[in-house]
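Just so you know, residue 1 is the first one in the sequence shown, and it goes up from there.
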Amino acid sequence: MVPPFQIRADYDARTIVVYQAYAPAIADAALRAGRFVAPFSFHRMTWIKPSFLWLMHRSNWARKPGQERVLAVRMTREGWEEALSRAVLTTADPAAVAQAAVHVQWDPERSPRGTALNHYSIQVGVGRHLIRTFTDDWIVSLTDLTPQVRKAASQMRTGNAAKAQRLLPAERVYPLPAALEKRLSPGG
């Protein structure tokens, strides 16, 4: 049985992949520049998700208006863990949440068909005072996954779940330091 609160991600020794969905204008500008630039907003919180399937649920497989482009954002594990060390659970005291540089919430993980599962996926909101650090220091690369997403969605719609599954990024349990695990666990 999968533990209820566990980070699963695509990562290597130095980096972790998080996902975001954007309007074409934001994605195109970022991909051309190799980093986030205007019209990306540096003045509001941006949410990053290590769960590909949770983002597919949220963006309706890149069909939701304003979320038609899916980017894989490869960032340093050092930056990821720094963000998590500054995080406050969104279920905490409202005053603490309002002051936090980073917000964390746990939402039900999703199956490829969008069904809520009995374990949770982490969503990390990087606040506006940390956005420049995220975009300028922590991001290693941006990759457009939209063609892969569209192909997987098409396979799902036509009943080819096994073929769709092969197009999904491999995710495994992310090894959090014990102090971060405790900090991020609801009730921890």
Side-chain angles (χ1 to χ4, degrees), residues 1-22 30 35-36 40-59 67 70-111 114-143 145 168-188:
M1 187 161 134
V2 176
F5 301 99
Q6 180 182 66
I7 298 173
R8 289 164 300 283
D10 176 6
Y11 64 92
D12 59 28
R14 198 174 72 77
T15 64
I16 181 172
V17 177
V18 294
Y19 303 97
Q20 294 185 289
Y22 287 106
R35 62 189 200 80
F36 287 108
F40 176 87
S41 176
F42 293 93
H43 306 291
R44 55 179 278 218
M45 183 169 284
T46 190
W47 287 87
I48 57 178
K49 302 139 185 87
S51 168
F52 180 80
L53 286 175
W54 195 92
L55 184 64
M56 293 307 94
H57 167 72
R58 176 78 174 90
S59 70
Q67 298 185 27
V70 173
L71 300 183
V73 179
R74 186 169 291 278
M75 64 184 289
T76 66
R77 285 179 61 175
E78 182 180 342
W80 170 249
E81 291 182 17
E82 171 69 19
L84 295 179
S85 75
R86 299 169 118 190
V88 171
L89 291 171
T90 57
T91 54
D93 173 62
V97 174
Q99 297 299 313
V102 177
H103 294 178
V104 161
Q105 67 185 46
W106 293 91
D107 295 309
E109 180 61 281
R110 299 295 171 156
S111 74
T115 304
L117 301 176
N118 63 356
H119 55 279
Y120 295 84
S121 176
I122 196 169
Q123 321 307 319
V124 178
V126 179
R128 66 179 188 260
H129 299 297
L130 203 53
I131 292 273
R132 289 285 180 182
T133 301
F134 168 66
T135 61
D136 297 347
D137 300 339
W138 296 344
I139 293 177
V140 174
S141 66
L142 302 173
T143 304
L145 294 186
L168 305 181
E171 296 172 358
R172 62 193 197 280
V173 176
Y174 184 88
L176 268 184
L180 279 182
E181 190 171 334
K182 181 174 172 42
R183 177 184 187 87
L184 300 173
S185 295

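Val70 and Ser59 make their closest contact through CG2-OG, 4.5 Å (heavy atoms, listed as atom of the first residue, atom of the second, distance). Residues Val104 and Ala87 share a closest heavy-atom pair of CG2-CB, 3.5 Å. When all heavy atoms of Pro186 and Leu89 are compared, the pair lying nearest together is CA-CD1, 3.9 Å. Contact detail for Ile131 and Val126: the closest heavy-atom pair is CD1-O, 3.5 Å. Here the closest non-hydrogen pair linking His43 and Arg128 is O-CD, 3.4 Å.
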Do any side-chain atoms of residues 91-102 form donor-acceptor pairs under 3.5 angstrom with protein atoms, and if so which ones, sequence neighbours left out?
residue: Asp93; atom: OD2; partner: Ala95; partner atom: N; Å: 3.3
residue: Asp93; atom: OD2; partner: Ala96; partner atom: N; Å: 3.4

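Put simply, the side chain of Leu184 does not reach to within 4.5 Å of the side chain of Phe5, judged on heavy atoms. A 4.5 Å side-chain heavy-atom check between Tyr11 and Pro175 finds at least one atom pair inside the cut-off. The closest side-chain heavy-atom distance from Val140 to Arg14 is below 4.5 Å. In this structure the side chain of Met56 never reaches within 4.5 angstrom of the side chain of Tyr19, judged on heavy atoms. With contacts defined as side-chain heavy-atom distances shorter than 4.5 Å, the pair Asp107/His57 does not qualify. Between Glu81 and Leu180 there is a side-chain heavy-atom pair separated by less than 4.5 Å. Thr143 places none of its side-chain heavy atoms less than 4.5 Å from the side chain of Val17. Contact check for Pro108 versus Tyr120: side-chain heavy atoms found under the 4.5 Å cut-off.
Judged purely by atom type and a 3.5 angstrom limit, Arg77 uses its side chain to pair as donor or acceptor with the backbone of Asp12. Between the side chain of Arg35 and the main chain of Asp136, no donor-acceptor pair closer than 3.5 Å is present. A distance-only check finds no donor-acceptor pair linking the side chain of Arg74 to the backbone of Ala72 [under 3.5 Å].
Taking OH of Tyr174 as the start and CD1 of Ile122 as the end, the distance is 11.0 Å to the nearest 0.5 Å. The CD atom of Glu181 lies 6.0 Å from the CG atom of Leu176; values are rounded to the nearest 0.5 Å. Taking CG of Leu55 as the start and CD of Gln67 as the end, the distance is 7.0 Å to the nearest 0.5 Å.
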Task: Residues Phe52, Asp10; criterion side-chain contact (heavy atoms from CB on, under 4.5 Å); working and verdict - done: CA-CA 9 Å; Phe52 180 80; Asp10 176 6; over 6 Å; no

TODO: Determine, step by step, whether Gln123 and Arg58 satisfy the side-chain contact (heavy atoms from CB on, under 4.5 Å) criterion, reporting the C-alpha distance in whole Å, the side-chain angles of both residues, the deciding distance to 0.1 Å, and the verdict.
DONE: CA-CA 11 Å; Gln123 321 307 319; Arg58 176 78 174 90; over 6 Å; no

Task: Worked verdict on Glu109 versus Trp54 for side-chain contact (heavy atoms from CB on, under 4.5 Å) - done: CA-CA 6 Å; Glu109 180 61 281; Trp54 195 92; 3.8 Å; yes

TODO: Please assess Thr135 against Thr46 for the test side-chain contact (heavy atoms from CB on, under 4.5 Å), listing each intermediate value before the final yes or no.
DONE: CA-CA 10 Å; Thr135 61; Thr46 190; over 6 Å; no

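Taking Met75 as the reference, Ile16, Val18, Ile48, Trp80, Phe134, Trp138 meet the side chain to side chain contact (heavy atoms under 4.5 Å, CB included) condition, with sequence neighbours excluded.
Other residues, nucleotides and ligands contribute more than 12 heavy atoms inside 6.0 Å of the CZ atom of Arg172.
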